[in-house]
Amino acid sequence: MEPKENAINPDFLKPYSPQDNEKNLYKKWEESGYFNPDVCIERGITASDAETFSIVLPPPNVTGVLHMGHAAMLAVEDLLVRYHRMLGKRTLWIPGTDSAAIATQSKVEGEIYKKEKKTRHDIGRDELLKRVGEFAEASKDTIISQTKSMGSSLDWSRYAYTLDETRYKAVMEAFMRMYDAGLIYRGERIVNWDPKGQTTISDDEIVHEERKEKFYYLKYGPFTIGTSRPETKFGDKYVVMHPDDARYKEYEHGQTLELEWINGPITATVIKDEAIDMEFGTGVMTITPWHDATDFEIAGRHNLDKEQVIDERGILLPIAGEFAGQHIKKARENILEKLRSKGLLEKEEDYTHNVSTAERTGEVIEPQIKAQWFIAVNKKVEFPDGRVMTLKERMREAVEGEEIKIAPDRFNKTYYHWIDNLRDWNISRQIWFGHRVPAWFTGNEVKVQIESPGEGWEQDPDTLDTWFSSGLWTFSTLGWPEETADFKTYHPTTVLETGYDILFFWVARMILMSTFLVGEVPFKNVYLHGMVRDGKGQKMSKSKGNIIDPLDMIEKYGADATRLSLVVGAAPGNDVPLSEDKIRGYKHFANKLWNISRFVLTNTEGKKDIDKSLLSPRDQEILDGFYTVAKEVGDDIEKFGLYLAADKAYHYVWDELAAKILEESKPILNGDDSEAKQARQQVLIECLIGSLKLLHPFMPFVTEAVWQRLPEDMKDTEFLMVAKWPTKN
RNA sequence: GCGCGAUUAGCUCAGUGGUAGAGCGCUUCAUUGACAUUGAAGAGGUCGGAAGUUCAAUCCUUCCAUCGCGCACCA
């Protein structure tokens with residue numbers, strides 16, 4: 001028997017199977033080369049002078065595994081990229097991974113200690129770096145293949161890693177330029193020390209945690225001082241009060257007093273400073289400038305002595321006398337005991353206050369005075385356009401002047417607020433895995449340069465904050481500082497899409513780096529997605545056992561269903577509740593589309609040009625209806641109303657096309673009026689092809705799977721992913 | 001303390017200055033007909049509270065309450 005010319009592909013006789021299609025399709029897409037805009041131009045799919053659309057992928061941790069947050073990010077970015085590619089734009093989405101310096105190093109250190117009972121200091125810097133590097137290299141394939149399983153149309157030929165050669169050059173260039181401009185400086189300042197992580201961290205890596213502790217009132221000569229940390233008070237020899245405080249007006253600034261303190265008699269000096277809150281406690285305090293930022297500033301204003309009391313591990317130094325060598329966590333009770341016995345402890349109260357902890361380790365931050373590298377945010381410098389202003393001013397201007405638009409715009413305020421509170425950024429870290437600070441020491445001399453100045457010079461052992469190199473990401477991935485074609489073509493990028501939780505860490509730092517180093521904003525739009533939560537709006541966490549694993553969901557329901565569930569209902573900046581039911585619902589939708597396709601294909605006989613004279617008013621109405629929806633979906637995407645676009649496309653296809661149009665077409669298709677039948681067949685084909693295109697950015701696999709099984713005469717391109725977005729001609 | 005957001009159906013959330021919507025869940029009916037189903041119908045809400053602006057407020061303004069989230073050097 002001769003096969004019928006338009007015989008339907010037998011795959012349509014079964015329900016749609018994501019498992020049987022997704023991997024193969026991704027492979028075909030990759031082999032086609034169309035993820036790379038150069039190939040699209042070469043093959044005549046994209047015009048070489050087409051408008052560009054570019055996104056850099058927020059690089060996931062190289063040693064990480066894909067979680068729902070990544071999945072949401074990939075769904076949104078791929079949606080944007082596929083839509084704009086279909087519009088004919090020169091579209092580039094650059095993949096990469098991040099070394100995640102502290103996280104990766106501590107993971108490897110942990111494993112080494114477990115297996116070999118050795119610390120990083122036992123095995124040395126070179127050996128540790130070798131092992132961390134090997135670990136990162138070995139695990140990168142995991143996150144990359146998981147990223148691909150979402151259908152992400154990333155141009156893998158441009159893959160970047162934060163520690164590779166090109167990025168190293170960019171980081172060094174950035175450091176040198178900022179140093180030469182006087183923006184980077186080394187300073188002896190009070191910094192946030194994480195005793196567990198054994199490194200300094202930036203202000204943004206601190207989490208304030210509310211704790212219930214005791215507040216102690218201590219007798220300090222004629223005064224009563226309040227403190228929550230008696231174990232830091234050994235060296236306190238300045239007593240501070242507000243200059244306007246009438247209660248203490250008999251005391252003069254600079255006056256000295258002899259008094260009995262924890263370890264014996266001392267000489268205290270009275271200091272008057274407006275930083276004191278008269279309402280708080282007794283309105284008098286003593287200061288510990290080495291371990292408290294406020295005290296450090298007061299000491300700076302009056303040129304007072306500073307003395308270290310606690311070492312880097314949290315152990316009391318000899319200044320603590322008999323308590324020296326004790327860990328601060330254990331010493332407090334002992335010290336209180338002594339204060340009591342000496343009659344210095346007047347009373348204690350319950351007290352709730354915020355403690356600074358390190359985001360990563362959870363350890364309580366111990367401020368320390370240390371020599372570190374900083375970026376000056378309040379210093380006037382010359383920008384590439386010749387203007388002289390501070391980094392802060394330029395960062396603010398970028399958003400105020402709408403060079404960058406943030407969606408949703410309520411985050412503008414958050415961004416300004418952050419900038420206004422921003423202090424100089426500590427960029428050096430006492431860890432080994434990362435870009436090493438290009439500075440060299442010999443004796444008291446310091447030289448800042450990339451290569452060693454010669455014999456006898458030791459390189460600074462510190463590495464740079466991971467956000468320093470991440471801040472360069474939009475242009476370091478494009479080959480900067482070389483004036484590459486990619487850099488010239490694709491920078492500034494069109495959209496930066498990321499979670500609102502790293503607005504400060506990353507988005508703001510990119511703006512800082514790009515405006516100064518490149519002289520332009522890193523991106524024109526910021527799209528902030530929310531956090532993915534469980535079906536009840538709870539945070540997903542291991543301890544709650546409510547984690548939904550995207551890899552499981554892809555396996556069970558397909559990447560398309562997983563993607564759609566993360567886009568529908570996800571307004572920018574709002575958290576997304578996600579349940580397995582929701583994902584299952586969109587799997588049904590993928591199957592629905594599959595069946596719509598089967599129905600149309602079995603009830604039509606190939607594509608012909610539509611003979612407009614045969615169209616009934618209803619036929620025309622159906623076509624108009626489709627193109628109206630296509631226009632609205634496109635408009636919503638451009639306005640970043642992605643959740644609206646997805647919902648609209650979904651409802652059109654299910655409630656309009658399937659439920660109404662197909663149903664009402666059945667009698668026509670089975671009827672005797674052959675002209676009416678022919679017209680309706682062409683209308684259905686047009687709606688089917690249009691709907692596949694409309695849904696492709698949201699669910700690329702099932703739409704492409706159908707496309708690949710369409711008769712050749714229905715398709716204008718081999719791959720749906722490079723077909724033209726439907727517009728009314 | 002300052003700021004932001006939320007408060008709408010049993011649950012999760014859209015939404016608009018003109019007598020309320022979706023998904024899931026629930027109830028009933030039809031159907032093996034493109035559909036490991038689908039279609040139709042239905043129950044269920046004084047749209048957090050109060051005042052104001054308006055012909056008209058769930059939507060705008062003010063105040064309050066509750067929840068969530070940022071930011072913050074109160075020792």
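Bear in mind the structure is a predicted one, so any value in this text is a computation, not a measurement. Below, each value reflects all heavy atoms present in this structure, side chains not excepted, and no hydrogens, waters or symmetry copies. To find a chain, count down the sequence lines: A is the first, B the second, and so on, and within it residues start at 1.
A straight line from CZ of A:Arg584 to C1' of B:U12 spans 15 Å, rounded to a whole angstrom. Taking atom CD1 of A:Ile419 as the reference point, atom C1' of B:C71 lies 14 Å away to the nearest angstrom. With rounding to whole Å, A:Ile298 atom CD1 is found 14 Å from B:C73 atom P. Going from atom CD of A:Glu349 over to atom C1' of B:A75 covers 13 Å, rounded to whole Å. In this structure, NE2 of A:His242 is placed 17 Å from P of B:C74, rounded to the nearest angstrom. In this structure, A:Arg709 places its CZ atom 16 Å from C1' of B:A34, rounding to the nearest Å. For the pair A:Ile502 CD1 and B:G70 P, the computed distance is 14 Å after rounding to whole Å. A:Leu528 places its CG atom 15 Å from the P atom of B:G70, with the value rounded to the nearest Å.
Ring geometry for A:Phe280 versus A:Phe215: interplanar angle over 60°, hence perpendicular rather than tilted (30 to 60°). Using cut-offs of 30° and 60° on the angle between ring planes, the pair A:His253 and A:His302 is tilted.
For the segment residues 635-665 of chain A, the set of residues with a heavy atom within less than 4.0 Å of an atom of RNA chain B comprises A:Tyr643, A:His651, A:Trp654, A:Ala658, A:Leu662, A:Glu663, in numerical order. For RNA chain B, the neighbouring residues in residues 213-239 of chain A, judged by any heavy atom under 4.0 Å, are A:Gly226.
The distance between the ring centers of A:Phe234 and A:Phe323 falls below 6.0 angstrom.
Nucleic acid contact for A:His353: sugar-phosphate only, since backbone atoms but no base atoms lie under 4.0 Å from a heavy atom of the residue. A:Lys14 comes within 4.0 angstrom of nothing in the nucleic acid, heavy atoms only. Residue A:Pro577 is in sugar-phosphate contact alone, with no base atom involved, counting any heavy-atom pair closer than 4.0 Å across all strands shown. Here A:Asn421 lies in heavy-atom contact (under 4.0 Å) with sugar-phosphate atoms only. At the heavy-atom level, A:Tyr351 lies under 4.0 Å from the strands shown only through sugar-phosphate atoms.
A side-chain N or O of A:Glu704 and one of A:Gln708 form a donor-acceptor pair less than 3.5 Å apart. Using a 3.5 Å distance cut-off with no hydrogens or angles, the side chains of A:Thr294 and A:Glu297 do not pair a donor with an acceptor. Donor-acceptor pairing under 3.5 Å is lacking for the side chains of A:Ser202 and A:Asn426.
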Pairing annotation in dot-bracket form, given for RNA chain B with Watson-Crick or G-U pairs under 3.5 Å and | for cross-strand partners: (((((((..((((....[..)))).(((((.......))))).....(((((..]....))))))))))))....
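For A:Asn591 (side chain) and A:Lys587 (main-chain N/O), no donor-acceptor pair under 3.5 Å exists by modelled atom type. Between the side chain of A:Asp204 and the backbone N or O of A:Phe505, no donor-acceptor pair lies under 3.5 Å.
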Would you give me the side-chain donor-acceptor pairs under 3.5 Å for residues 652-659 of chain A, sequence neighbours excluded?
none

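For A:Arg229 and A:Glu213, the salt-bridge test fails: no basic side-chain N is under 4.0 Å from an acidic carboxylate O.
Distances were taken from every side-chain heavy atom of A:Ile276 (C-beta onward) to each of B:A75, B:A72, B:A36; the shortest belongs to B:A75. When each of B:C71, B:A34, B:C24 is scored by its nearest atom to the side-chain atoms of A:Lys666, the top-ranked nucleotide is B:A34.
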All N/O contacts under 3.5 Å from nucleotides 43-45 of chain B to the protein, with atom names and distances to one decimal?
none

Write out a two-atom table: protein N or O, nucleotide N or O from nucleotides 2-8 of chain B, distance below 3.5 Å.
unit_1 : atom_1 : unit_2   : atom_2 : d
B:C4   : OP1    : A:Lys413 : NZ     : 2.7

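For the pair A:Leu601 and A:Pro711, the minimum side-chain heavy-atom distance is below 4.5 Å. When side chains are defined from C-beta on, A:Tyr238 does not count as touching A:Asp295, because their heavy atoms never get closer than 4.5 Å.
Taking the C1' atoms as reference points, B:U8 lies 10 Å from B:G15, given to the whole Å. Using atom C1' as the reference point in both B:U53 and B:C71, the two lie 34 Å apart (nearest Å). One P atom belongs to B:A14, the other to B:A6, and the distance between them is 8 Å to the nearest Å. Here, B:C55 and B:G21 have their C1' atoms 26 Å apart, quoted to the whole Å. Taking the P atoms as reference points, B:G70 lies 40 Å from B:U27, given to the whole Å. Across B:G49 and B:U32, the matching P atoms stand 48 Å from one another, rounded to whole Å.
For A:Tyr216, the ring pair (Phe, Tyr, Trp, His ring centres under 6.0 Å) criterion is met by no residue, not counting sequence neighbours. Residues satisfying the side-chain hydrogen bond (donor to acceptor under 3.5 Å, both in side chains) criterion with A:Glu580, sequence neighbours excluded, are A:Lys556, A:Tyr557. Under the salt bridge (Lys or Arg N to Asp or Glu O under 4.0 Å) criterion, A:Glu497 pairs with no residue, sequence neighbours left out. Residues meeting the salt bridge (Lys or Arg N to Asp or Glu O under 4.0 Å) test with A:Lys329, sequence neighbours left out: A:Glu363.
Judged by distance alone, with hydrogens and angles left aside, A:Asp295 brings no side-chain donor or acceptor close enough to the base of B:A75 to form a pair under 3.5 Å.
Among residues at least two apart or in separate chains, salt bridge (Lys or Arg N to Asp or Glu O under 4.0 Å) pairs with a member in residues 345-355 of chain A are A:Lys214-A:Asp350, A:Arg340-A:Glu348, A:Lys347-A:Glu349. Counting only residues at least two apart or on different chains, no salt bridge (Lys or Arg N to Asp or Glu O under 4.0 Å) pair has a member in residues 594-604 of chain A.
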